**Student:** 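Questions regarding the structure given below will be posed in turn.
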Amino acid sequence: MFEHVEPFGGDPILSLNEDFQKDPRPHKINLSIGIYFDDAGAIPVLDSVRRAEAMVVARNAPKPYLPIEGAANFREQVQLLLFGAGHPALAEKRVATIQSVGSSGGLKVGADFIARWLPGSEVWVSDPSWENHRSMFEGAGLAVHSYPYYDAASGALAFDAMCDALRRIPAKSVVLVHACCHNPTGVDLTHAQWNALIPLFAERELLPYLDLAYQGFGDGIEEDAYAVRTLAAARGKDGRPMSFVVANSFSKSMSLYGERCGALSVACADAAEAVNVLGQLKFTVRRNYSSPPIHGGQIVAAVLGEAALRPLWEGELGAMRDRIRAMREALHATLLKKMPGRDFGYFLSQRGMFSYTGLDPKQVDRLREEFAVYLVRSGRLCIAGLNTGNVEATGLAMAAVLDG
Ligand code: LMR
């Protein structure tokens, strides 16, 4: 029956992380997977999360099936976090939100929804993008293409080339854009660039699909939601509110990776449309995994909704963001000391957990084999894996590899 089944080639990120766990070298450094480690190299349990979990456990509540769309308090808090309290899109009830199994689960439910209801549409992802984007949309049966995004020569955003490409793709194409902290490059759109891009989406009748997995790791919780809030206030070519999709995650921002807490929101033209869209998202979920799990979502809802916990979480997220910035500066300083003639300024201008180093796969392999420093083969380095104990060794290893 299964003789013909081919072996799985492994995942470029998750398999590397598994290889790292098996590496016996004590000085090994994991800069591969997008996980925030603290200065001691541990995945933190946030104080706000610990207290929220204690509250949830103390309720001693039964564990029925959640509604297909997830818990009402979780979904409400997600909408407030993404769109901001008082946003007209929420007041007008034109956003359909479901609790999802991580933002990956949300991305895939959204992809299935698009395949069913916009069957002629094809998807465009940035070049480069998170390795799994293409695979997920293709897995939903959609054709996936890429648009220019990163200019390797300058290390900056290829904004003009990106807009030129988007001007030429068919109407109703789906355009996957990272709302902040672009994975893998760390190169983001400025607010001014978003302001220029959104009318282009409207004029060309494109469907923006935002991936917001790192809210709070760029410039701040509110600042990183700029794309969501601006799109939600924009009008389409027909003068009606613009439609778009956003998948968001709490894996990183609450250090809740394994709880798989995320959401998918679809902003619609009006409330009646949002009712139908929510219904079809529910149908998609029911056919896949029926309904999401309770526990993690209730922790998230408590962190976001309890007055005593929210400021604590915001402070903890701010501290993670600041530590990442400090590590960017430390790595930059080490490299500059070793290679003074070279421009490493991109480490300082990029945002979020990741830096695109420009190292080629051979150099990345050398880093792993000779120095036990693990990066994704695209040259992506997870800054959040650096700490005061390993940043210098990382800089020295990178300099050795760059030197040839
Ligand atoms: C990453 O990009 O490393 C993370 O988002 C983890 C993953 O699932 O790939």
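What you see is a predicted model; the values in this text were computed from it and never measured.
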**Student:** Checking the side chain of Arg321 only, and the main-chain atoms of Gly216 only, is there a donor and an acceptor separated by less than 3.5 Å?
**Tutor:** yes
**Student:** Among all residues two or more places apart in sequence or in another chain, which pass the side-chain hydrogen bond (donor to acceptor under 3.5 Å, both in side chains) test with Lys108?
**Tutor:** Asp112
**Student:** Provide the full list of salt bridge (charged side-chain N to carboxylate O under 4.0 Å, His left out) pairs with a residue in residues 131-147, sequence neighbours left out, each pair given once.
**Tutor:** Arg134-Glu138
**Student:** Where the side chain of Gln363 meets the backbone of Leu359, is there a donor-acceptor pair that is under 3.5 Å apart?
**Tutor:** no
**Student:** Charged N to carboxylate O under 4.0 angstrom, Arg366 versus Asp360?
**Tutor:** no
**Student:** Under 30°, 30 to 60°, or over 60°: which ring-plane class applies to His178 and Tyr149, parallel, tilted or perpendicular?
**Tutor:** tilted
**Student:** Hey, is the main chain of Leu166 close enough, under 3.5 Å, to the side chain of Arg204 for a donor-acceptor pair?
**Tutor:** yes
**Student:** Kindly write out the residues that satisfy side-chain hydrogen bond (donor to acceptor under 3.5 Å, both in side chains) with Ser135, not counting sequence neighbours, or none if the list is empty.
**Tutor:** none
**Student:** Tell me the salt bridge (charged side-chain N to carboxylate O under 4.0 Å, His left out) pairs involving residues 139-153, sequence neighbours left out?
**Tutor:** none
**Student:** Donor-acceptor pair, distance only, cut-off 3.5 Å: does the side chain of Lys252 make one with the backbone of Ala213?
**Tutor:** no
**Student:** Is atom CZ of Phe283 surrounded by more than 12 heavy atoms (other residues, nucleotides or ligands) closer than 6.0 Å?
**Tutor:** no
**Student:** Enumerate the side-chain hydrogen bond (donor to acceptor under 3.5 Å, both in side chains) contacts for residues 380-391, please, sequence neighbours excluded, ordered by first and then second residue.
**Tutor:** Asp39-Thr388, Asn183-Arg380
**Student:** Taking salt bridge (charged side-chain N to carboxylate O under 4.0 Å, His left out) as the test, write out the residues that go with Asp23, two or more places apart.
**Tutor:** Arg25
**Student:** For Glu316, what residues pass the side-chain hydrogen bond (donor to acceptor under 3.5 Å, both in side chains) criterion, not counting sequence neighbours?
**Tutor:** Ser48
**Student:** Is a side-chain donor-acceptor pair under 3.5 Å present for Arg323 with Tyr36?
**Tutor:** yes
**Student:** Indicate yes or no: does Arg168 engage Asp164 in a salt bridge with an N to O separation below 4.0 Å.
**Tutor:** no
**Student:** Return yes if a side-chain donor-acceptor contact under 3.5 Å exists between Ser253 and Gln215, otherwise no.
**Tutor:** no
**Student:** Checking Glu76 now: which residues fulfil side-chain hydrogen bond (donor to acceptor under 3.5 Å, both in side chains) with it, not counting sequence neighbours?
**Tutor:** none
**Student:** Measure up the His133 and Phe137 rings against each other and bin them: parallel (under 30°), tilted (30 to 60°), perpendicular (over 60°).
**Tutor:** tilted
**Student:** Please state whether the rings of Tyr356 and Tyr150 are parallel, tilted or perpendicular, taking 30° and 60° as the class boundaries.
**Tutor:** perpendicular
**Student:** Compare all side-chain heavy atoms of Leu304 with those of Phe74 and state whether any distance is below 4.5 angstrom.
**Tutor:** no
**Student:** Within 45° of the six-membered ring axis of Phe20 and under 6.0 Å from that ring's centre, is NZ or CZ of Lys28 located there?
**Tutor:** yes
**Student:** Kindly list each side-chain donor-acceptor pair under 3.5 angstrom involving residues 259-268, sequence neighbours excluded, with atom names and distances?
**Tutor:**
from   : atom 1 : to     : atom 2 : distance (Å)
Arg260 : NH1    : Tyr257 : O      : 3.4
Ser265 : OG     : Thr97  : OG1    : 2.9

**Student:** Output every pair passing salt bridge (charged side-chain N to carboxylate O under 4.0 Å, His left out) with a member in residues 300-314, not counting sequence neighbours, ordered by first then second residue.
**Tutor:** Arg310-Glu314
**Student:** Residues two or more places apart in sequence or in another chain: which of them pass salt bridge (charged side-chain N to carboxylate O under 4.0 Å, His left out) with Glu392?
**Tutor:** none
**Student:** Check the pair Asp365 / Lys362 against salt bridge (Lys or Arg N to Asp or Glu O under 4.0 Å), numbers first and verdict last.
**Tutor:** CA-CA 5 Å; Asp365 289 347; Lys362 271 194 185 147; over 6 Å; no
**Student:** Would you list the pairs meeting salt bridge (charged side-chain N to carboxylate O under 4.0 Å, His left out) in which at least one residue belongs to residues 221-234, sequence neighbours left out?
**Tutor:** Glu222-Arg229
**Student:** Roughly how far apart are Gln21 CD and Ile33 CD1, rounded to 0.5 Å?
**Tutor:** 8.5 Å
**Student:** Compute the ring centroids of Phe354 and Tyr214, then answer whether they are less than 6.0 Å apart.
**Tutor:** yes
**Student:** Can you tell if the side chain of Ile114 reaches within under 4.5 Å of the side chain of Leu207, non-hydrogen atoms only?
**Tutor:** yes
**Student:** Starting from the C-alpha separation in whole Å, work towards a yes-or-no answer on side-chain hydrogen bond (donor to acceptor under 3.5 Å, both in side chains) for Gln298 and Asn73.
**Tutor:** CA-CA 8 Å; Gln298 287 308 296; Asn73 59 348; 3.0 Å; yes
